[in-house]
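To start, the structure under review is shown below, and the notes come after it.
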Amino acid sequence: QVQLVESGGGLVQPGGSLTLSCINSGTSLEYSAIGWFRQAPGKEREAVACINSGDGRTYYRGSVEGRFTISRDDAKRTVTLRMENLRPEDTASYYCASRWSTRLADTLCSDSTGVDYWGQGTQVTVSS
């Protein structure tokens with residue numbers, strides 16, 4: 001059983017930074033891609049960043065590239081999303097996710113319907 005628990009959300013001013021963490025308290029996901037998705041009110045859920053198992057290759061959506069950094073520590077069963085230079089349009093609930101059958105970040109991030117495990121979400125609000 002996989003259980004993903006996010007933390008680190010909050011209220012931040014535009015230009016500020018936050019670090020989100022996701023801890024897996026269940027079966028190891030070291031052979032699976034892990035990522036972050038987000039959903040703003042009235043909008044569809046979208047992929048933000050994903051990371052391969054093994055080689056750590058990453059995928060980012062265009063609007064966050066250069067501002068967000070995803071990393072994973074399989075020994076600690078943790079995946080982290082460092083978010084810098086935050087914008088009001090980054091406001092959303094952020095969800096940790098994994099797809100058991102793939103190691104590839106591209107595959108995970110390209111299809112949210114294939115996600116096997118979701119966390120409960122953590123709210124990020126960017127506002128002055």
Item to check | Neighbour count >12 (heavy atoms, 6.0 Å) for atom CD, E46 | outcome: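 Enclosed.
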
Next on the checklist: A quick test of your reading: do over 12 heavy atoms of other residues, nucleotides or ligands sit less than 6.0 Å from CD of E44?
Outcome noted: no

Please answer whether the main-chain N or O of [Y] pairs with a side-chain N or O of [X] as donor and acceptor at a distance below 3.5 Å.
X	Y	result
T91	V126	yes
R99	L108	no
D73	K76	yes
S53	A33	no
N52	G54	no

Nearest heavy-atom neighbours spanning [X] and [Y]:
X	Y	result
V124	M83	CG2-CE, 3.9 Å
W100	S32	O-OG, 3.0 Å
S63	R87	O-NH1, 3.6 Å
I70	G35	CD1-CA, 4.1 Å

Checklist entry - Is there a path of hydrophobic side-chain contacts, each under 4.5 Å between heavy atoms of I, L, V, M, F, W or Y residues, that connects I51 with L81? => result yes

Next on the checklist: According to a hydrophobic-cluster definition based on side-chain heavy atoms being under 4.5 Å apart (Ile, Leu, Val, Met, Phe, Trp, Tyr only), do V115 and W36 belong together?
Outcome noted: no

Item to check | Heavy-atom side-chain proximity of L86 to F68 below 4.5 angstrom | outcome: yes

Item to check | Test: R38 and D90 ion pair at under 4.0 Å | outcome: yes

Next on the checklist: Please evaluate residues V2 and S98 with respect to the criterion side chain to side chain contact (heavy atoms under 4.5 Å, CB included), reporting the C-alpha separation (whole Å), side-chain torsions for both, the decisive distance (0.1 Å), and the verdict.
Outcome noted: CA-CA 9 Å; V2 171; S98 184; 5.9 Å; no

Next on the checklist: Under the side chain to side chain donor-acceptor pair (under 3.5 Å) definition, can you give me all pairs with a residue in residues 115-127, not counting sequence neighbours?
Outcome noted: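 Non-adjacent pairs meeting side chain to side chain donor-acceptor pair (under 3.5 Å): E6-Q120, S93-Q123, Q123-T125.
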
Checklist entry - Where do R77 and S25 land on the side chain to side chain contact (heavy atoms under 4.5 Å, CB included) test, with the steps shown first? => result CA-CA 8 Å; R77 298 190 178 186; S25 61; over 6 Å; no

